Q: 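Would you mind keeping the following structure in view while I ask a few things?
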Amino acid sequence: LEIAKRAGVAAPRTVGIVMDNTASPVSFTKPMREGGFQKEGLKLVVDETFTPPLADATSLVQKVRNARPDLLLLLTTNVPDTKLLLEKLNEMGLGKGRLPILTNGGHMGAPELLKVVGKDMLEGVMVAIANWGGKGQEDLIKAFRAKTGEPWMTQDSISTYGDVMLLADAMEQAKSADPKKVGAALHAMDSKTGAARFFPGQPLRFDAAGHREGAELVVLQWQNGEPVPVYPAALATAKAAWPRH
């Protein structure tokens, strides 16, 4: 909703879901179904769940085309199903950014996905994810590309780098590698520098149970063959493209 607002378009009022029945999509949509949509003034007009692997996406996408939601949550957990659904969405005139599509999970930003699905079919697709290389991390991303040959820095890579930096910061603050002292330093951490630079949402701090406080969701969008961060503003390297109807 915030991305649509920043793009200067009317806020979505209807939403559709096409998802598989595995644990991740079920968990992802649970809070939305249990009041989240209603709270944001969104009406669920398409609600389709399938058991992977998907043999034919025609009937699923036909229901989306008939209802024409303002936003589609396309929640798949394997590449073949993702490819099949995106092909059918493009075939029925809903792909290439014509219909706002939000997916989730690290696999939706993987370089391998581009090779299998193709640049054109991925254009405009958005991805909700925990972390990504973006603004303020240009030097790190440049070094990562040179070292690994990978085209961009994914969630797994930058989070792992940040985790190592987090432990290094904690040990420096504790002046020890003793686990209890390092744990105490982590609980006391409240920082906008050091490891905090590699995680969205600042300052970097944890609650009494060790959970991250103030973490922000990252949204990527496939633009010209690359998944670029478009939200939050502190990390974004491009503006989100949102169709105007």
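Everything numeric here is computed off the predicted structure, so don't read it as measured data. Just the heavy atoms: all of them, side chains too, but no hydrogens, waters or symmetry mates, feed the values below. Residue numbers run from 1 in the order of the sequence given.
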Q: Between S27 and P31, what is the shortest heavy-atom contact and its length?
A: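 So the minimum-distance heavy-atom pair works out to O-CD, 3.4 Å.
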Q: Sequence neighbours left out, what pairs pass side-chain hydrogen bond (donor to acceptor under 3.5 Å, both in side chains) with at least one residue falling in residues 37-47?
A: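 Matches after skipping sequence neighbours: R33-D47.
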Q: Given the rule that I, L, V, M, F, W and Y join up when any side-chain heavy atoms are under 4.5 Å apart, are V18 and L42 in one cluster?
A: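 V18 and L42: separate clusters.
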Q: Would you say the side chain of L89 lies within less than 4.5 Å of the side chain of I101, judging by non-hydrogen atoms?
A: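 I101 vs L89: side chains touch.
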Q: Which side-chain N or O atoms in residues 170-185 pair as donor and acceptor under 3.5 Å with protein atoms at least two apart or in another chain?
A:
residue	atom	partner	partner atom	Å
S176	OG	D178	N	2.9
D178	OD2	K180	N	3.1
D178	OD2	K181	N	3.1

Q: For residues P52 and N21, report the shortest heavy-atom separation together with the two atoms involved.
A: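 Taking every non-hydrogen atom into account, CD-OD1, 3.4 Å.
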Q: Please evaluate residues V45 and R68 with respect to the criterion side chain to side chain contact (heavy atoms under 4.5 Å, CB included), reporting the C-alpha separation (whole Å), side-chain torsions for both, the decisive distance (0.1 Å), and the verdict.
A: CA-CA 8 Å; V45 296; R68 199 65 181 235; over 6 Å; no
Q: For A10 and A4, which heavy atoms make the closest approach, and how far apart are they?
A: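 That would be O-CB, 4.5 Å.
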Q: Do the side chain of T82 and the main chain of N78 share a donor and acceptor less than 3.5 angstrom apart?
A: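 Checking the backbone N and O of N78 against the side chain of T82, a donor-acceptor pair under 3.5 Å is found.
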Q: Carefully, step by step, assess L44 and I17 under the rule side chain to side chain contact (heavy atoms under 4.5 Å, CB included).
A: CA-CA 8 Å; L44 185 60; I17 297 175; 3.8 Å; yes
Q: Going by the side chain to side chain contact (heavy atoms under 4.5 Å, CB included) test, name the single residue among D81, L74, D120, V61 that passes it with L86.
A: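 Only one of D81, L74, D120, V61 forms a side chain to side chain contact (heavy atoms under 4.5 Å, CB included) with L86, namely L74.
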Q: Measuring only between side-chain heavy atoms, which start at C-beta, is V125 closer than 4.5 Å to T103?
A: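 Touching, per the 4.5 Å side-chain cut-off.
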Q: In residues 199-221, what donor-acceptor pairs under 3.5 Å come from side-chain atoms, sequence neighbours left out?
A:
residue	atom	partner	partner atom	Å
Q202	NE2	A196	O	3.1
R205	NE	E213	OE1	3.3
R205	NH1	D190	OD1	3.4
D207	OD1	A209	N	3.0
D207	OD1	G210	N	3.0
D207	OD1	H211	N	2.8
R212	NH2	P200	O	3.1
R212	NH2	G201	O	2.3
Q221	OE1	Q223	NE2	2.8
Q221	OE1	A241	N	2.8
Q221	NE2	G124	O	3.1
Q221	NE2	A241	O	2.9

Q: Can you find a heavy atom in the side chain of S59 that is under 4.5 Å from one in the side chain of F50?
A: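 They are not in side-chain contact.
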Q: Is a side-chain donor-acceptor pair under 3.5 Å present for D20 with T77?
A: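 A pair is found: one side chain offers a donor N or O, the other an acceptor, under 3.5 Å apart.
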Q: Going by an N to O cut-off under 4.0 Å, is there a salt bridge joining K119 and E123?
A: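 Looking at E123 together with K119, the answer is no, because their closest N to O distance does not fall below 4.0 Å.
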Q: Quick check: do L71 and P69 have side-chain heavy atoms less than 4.5 Å from each other?
A: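 A side-chain contact under 4.5 Å is absent here.
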Q: Just wondering, are more than 12 heavy atoms of other shown residues or ligands nearer than 6.0 Å to CG in D139?
A: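 Atom CG in D139 is not packed in, count stays at 12 or less.
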Q: For residues M108 and V228: do they belong to one hydrophobic cluster (side chain heavy atoms under 4.5 Å, members Ile, Leu, Val, Met, Phe, Trp, Tyr)?
A: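 Different clusters.
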Q: Measure the shortest side-chain to side-chain distance between K135 and L235 over non-hydrogen atoms and say whether it is less than 4.5 angstrom.
A: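 A side-chain contact under 4.5 Å is absent here.
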Q: Kindly work out whether a path of hydrophobic side-chain contacts (I/L/V/M/F/W/Y, heavy atoms less than 4.5 Å apart) joins W132 to W222.
A: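 Yes.
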Q: Can you tell me how far apart CD (Q137) and OG1 (T237) are? Round to the nearest 0.5 Å.
A: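 Rounded to the nearest 0.5 Å, the CD-OG1 separation comes to 10.5 Å.
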Q: If we only count heavy atoms from C-beta on, is the W242 to K5 side-chain gap below 4.5 Å?
A: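 Counting from C-beta outward, W242 and K5 never come under 4.5 Å.
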Q: With a 4.5 Å cut-off on side-chain heavy atoms, are I129 and N104 touching?
A: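 Not touching, per the 4.5 Å side-chain cut-off.
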Q: Between V26, L60, L73, which is the residue that forms a side chain to side chain contact (heavy atoms under 4.5 Å, CB included) with M19?
A: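 Exactly one option meets the side chain to side chain contact (heavy atoms under 4.5 Å, CB included) with M19, and it is V26.
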Q: Applying the 4.5 Å side-chain criterion to the ILVMFWY set and letting contacts propagate, would V230 and L99 be lumped into a single cluster?
A: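 As far as the 4.5 Å side-chain criterion goes, L99 and V230 are not connected within one cluster.
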Q: Taking side chain to side chain contact (heavy atoms under 4.5 Å, CB included) as the test, write out the residues that go with S159, two or more places apart.
A: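 Expected list: N131, Q155.
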Q: Going by salt bridge (Lys or Arg N to Asp or Glu O under 4.0 Å), name the residues that satisfy it together with E150, two or more places apart in sequence or in a different chain.
A: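 For E150 there are no salt bridge (Lys or Arg N to Asp or Glu O under 4.0 Å) partners, ignoring immediate neighbours.
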Q: Of all residues at least two apart in sequence or in a different chain, which pass the salt bridge (Lys or Arg N to Asp or Glu O under 4.0 Å) check with E138?
A: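 Listed in chain order: nothing, the list is empty.
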Q: Which heavy-atom pair separates T154 from G109 by the least distance, and what is that distance?
A: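 Heavy atoms only, the tightest pair is CG2-O, 4.4 Å.
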Q: How long is the span from the OG1 atom in T76 to the CG atom in L54, to the nearest 0.5 Å?
A: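 Atom-to-atom, T76:OG1 and L54:CG are 9.5 Å apart.
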Q: So does G95 get a backbone contact from the side chain of R98, meaning a donor-acceptor N/O pair under 3.5 Å?
A: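 Looks like yes, one N/O pair under 3.5 Å.
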Q: F144, V164: one ILVMFWY side-chain cluster at the under-4.5 Å cut-off?
A: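 Hydrophobic grouping puts F144 apart from V164.
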Q: Does E91 come within less than 4.0 Å of K88, counting only side-chain N to carboxylate O?
A: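 Judged by the 4.0 Å cut-off on N to carboxylate O distance, E91 and K88 do form a salt bridge.
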Q: Can you tell me if R197 uses its side chain to pair, donor with acceptor, with the backbone of G194 under 3.5 Å?
A: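 Indeed, once roles are kept as given, a pair shorter than 3.5 Å links the two residues.
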Q: Which heavy atom of A195 sits nearest a heavy atom of D169, and at what distance?
A: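 Shortest heavy-atom contact: N-OD2, 2.7 Å.
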Q: Side chain to side chain contact (heavy atoms under 4.5 Å, CB included), that's the test. Do M153 and L140 meet it? Break it down for me.
A: CA-CA 9 Å; M153 199 167 194; L140 174 62; 3.9 Å; yes
Q: State, with a plain yes or no, whether a side-chain heavy atom of T14 is found less than 4.5 Å away from one of F37.
A: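 No, side chains not in contact.
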Q: For a quick check under 3.5 Å, do D56 and T58 share a side-chain donor-acceptor pair by atom type?
A: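 Per modelled atom types, D56 and T58 side chains form a pair under 3.5 Å.
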